[in-house]
Amino acid sequence: VIHNAAWDENAQRMRSSCERPAPSDHLNLVACGRLAAQKDYPSLLRAFKLILNERSATLRILGTGELRSRLDELSTELGIQEHVVFLGFESNPYKYFVSADIFVMSSIFEGFGNVVVEAMMCGTPVVVTDCPFGPGEILESGKVGELVPVGKPEVLAEKVLKLASNPELMARRTGLGKLRAEDFTVQRIGERYLDYFIGNKRLDG
């Protein structure tokens with residue numbers, strides 16, 4: 001199996017224009033993906049409410065979709081609407097990844113999860129659901145990032161708070177994440193395809 005190429009020179013140029021803000025006690029979280037059932041944003045919003053019970057935080061969500069109005073309503077029902085920002089489509093999401101303390105994803109399933117690689121390449125630790133089929137492989141079963149069960153807001157909140165309160169762990173996740181993300185550059189994935197085709201040509205020849 002050869003994974004997706006999730007990072008290229010164009011992404012590198014866009015990321016290079018972004019600056020990480022100075023450290024703050026205020027926790028900045030970011031999520032990215034279609035506002036659709038697959039992404040299970042209700043679980044993320046419920047987890048975020050639990051996070052707000054413990055500390056000051058903002059959740060920024062990138063993406064558009066049919067559930068926008070329902071998610072707005074849920075944010076209001078949970079009393080967290082002032083702390084949740086729906087940003088819609090952004091041509092350069094990397095500036096939000098770079099400026100965030102933690103990237104979060106609550107998906108029920110993923111084809112691969114390019115956005116997880118993108119966040120790690122931006123130097124942002126990740127807390128994501130261990131859903132079929134990509135996140136667990138990307139994070140090497142939790143060695144380079146935090147994996148949580150699908151549909152468990154309380155566990156997601158606990159992992160985010162634990163990570164955010166441990167600077168040493170944050171730094172370790174940042175370093176391991178960036179290193180792992182290098183495995184999914186266009187060059188690395190292209191090399192794997194080339195090795196595959198050359199190897200099979202030899203077998204056929």
Side-chain angles (χ1 to χ4, degrees), residues 1-8 11 15 27-34 36-48 50-51 54 59 61-63 93-94 96-98 100-193 195-196 199:
V1 174
I2 299 177
H3 293 116
N4 288 4
W7 193 260
D8 58 20
R15 185 194 67 174
L27 180 62
N28 286 298
L29 306 178
V30 66
C32 181
R34 292 178 300 107
Q38 171 196 345
K39 305 298 183 180
D40 193 15
Y41 282 115
S43 284
L44 178 56
L45 293 176
R46 292 186 175 95
F48 185 58
L50 297 174
I51 292 168
E54 301 296 327
L59 170 63
I61 299 176
L62 298 158
Y94 309 116
Y96 295 100
F97 298 162
V98 169
D101 297 301
I102 298 172
F103 172 87
V104 288
M105 188 180 78
S106 52
S107 297
I108 298 170
F109 65 90
E110 287 286 337
F112 177 64
N114 284 11
V115 70
V116 178
V117 175
E118 292 170 342
M120 293 193 305
M121 189 65 88
C122 288
T124 304
V126 302
V127 178
V128 303
T129 46
D130 190 13
C131 63
F133 291 92
E137 293 183 32
I138 294 170
L139 299 185
E140 297 183 312
S141 300
K143 292 180 181 178
V144 299
E146 306 295 331
L147 289 169
V148 299
V150 172
K152 298 289 185 179
E154 65 282 2
V155 181
L156 178 55
E158 179 183 352
K159 284 286 188 178
V160 168
L161 289 167
K162 180 179 178 180
L163 180 60
S165 65
N166 189 331
E168 182 179 333
L169 180 59
M170 287 275 284
R172 186 161 65 249
R173 290 303 195 203
T174 294
L176 290 173
K178 290 182 75 172
L179 186 64
R180 175 58 170 159
E182 292 284 352
D183 291 335
F184 305 103
T185 61
V186 168
Q187 180 178 352
R188 290 276 182 91
I189 298 300
E191 289 170 354
R192 292 192 63 189
Y193 273 107
D195 289 344
Y196 175 82

Nearest heavy-atom pair of I51 and L29: which atoms, and what distance?
CD1-CD1, 3.9 Å
Gap separating the CG atom of L179 from the OG1 atom of T174, nearest 0.5 angstrom:
12.5 Å
Between P93 and L62, the two heavy atoms sitting closest are CB-CD1, 3.9 Å
Testing L44, V128, V30, V126 for side-chain contact (heavy atoms from CB on, under 4.5 Å) with M105, which one passes?
V128
I189 side chain near N4 side chain, heavy-atom distance below 4.5 Å:
no
L176 and V144: which non-hydrogen atoms are nearest, and at how many Å?
CB-CG1, 3.9 Å
Pair D195 + R192, salt bridge at N-O below 4.0 Å:
no
Ignoring hydrogens and geometry, is there a side-chain-to-backbone donor-acceptor pair from D130 to P149 under 3.5 Å?
no
Starting at NZ of K159, measure out to NZ of K152 and round the result to the nearest 0.5 Å.
14.5 Å
How many angstroms lie between CG in L50 and CG in L45, if you round to the nearest 0.5 Å?
11.5 Å
CA sep, side-chain torsions, deciding dist, call: R172, N166, side-chain contact (heavy atoms from CB on, under 4.5 Å):
CA-CA 10 Å; R172 186 161 65 249; N166 189 331; 5.9 Å; no
Would L59 and V104 satisfy side-chain contact (heavy atoms from CB on, under 4.5 Å), going step by step from the backbone distance to the final call?
CA-CA 9 Å; L59 170 63; V104 288; 4.1 Å; yes
Which atom pair, heavy atoms only, marks the closest approach of Y41 to C32?
OH-C, 3.5 Å
Look at the side chain of S106 and the backbone N and O of K39, then say whether any donor-acceptor pair between them is shorter than 3.5 Å.
yes
Could you go step by step and tell me if F112 and I138 meet the side-chain contact (heavy atoms from CB on, under 4.5 Å) rule?
CA-CA 8 Å; F112 177 64; I138 294 170; 3.7 Å; yes
For the student: nearest non-hydrogen atoms of V160 and I102, plus distance
O-CD1, 3.8 Å
So, does T124 use its side chain to make a donor-acceptor pair with the main chain of F103 at under 3.5 Å?
no
Report yes if some heavy atom in the side chain of L169 is under 4.5 Å from a heavy atom in the side chain of E146; otherwise report no.
yes
Please check: side-chain N/O of R180 versus main-chain N/O of G175, any donor-acceptor pairing under 3.5 Å?
no
Could you check whether atom CD of E191 has more than 12 heavy atoms from other residues, nucleotides or ligands sitting under 6.0 Å from it?
yes
Taking C-beta and beyond as the side chain, do P135 and E110 meet within less than 4.5 Å on heavy atoms?
yes
With a 4.5 Å heavy-atom cut-off, do L163 and P125 have their side chains touching?
yes
Does S107 offer a backbone N or O that forms a donor-acceptor pair with the side chain of Q38 under 3.5 Å?
no
Please find the pair of heavy atoms, one from A47 and one from A157, that lie closest to each other, and give the distance.
O-CB, 3.5 Å
So, taking the atom named CG in D183 and the one named CE in M120, what distance separates them when rounded to the nearest 0.5 Å?
9.0 Å
State plainly whether the residues K178 and E182 are in salt-bridge range, i.e. N to O under 4.0 Å.
no
Got a donor-acceptor contact below 3.5 angstrom from the Y94 side chain to the M121 backbone?
no
To the nearest 0.5 angstrom, please state how far the CD1 atom of I108 sits from the CG atom of D40.
4.5 Å
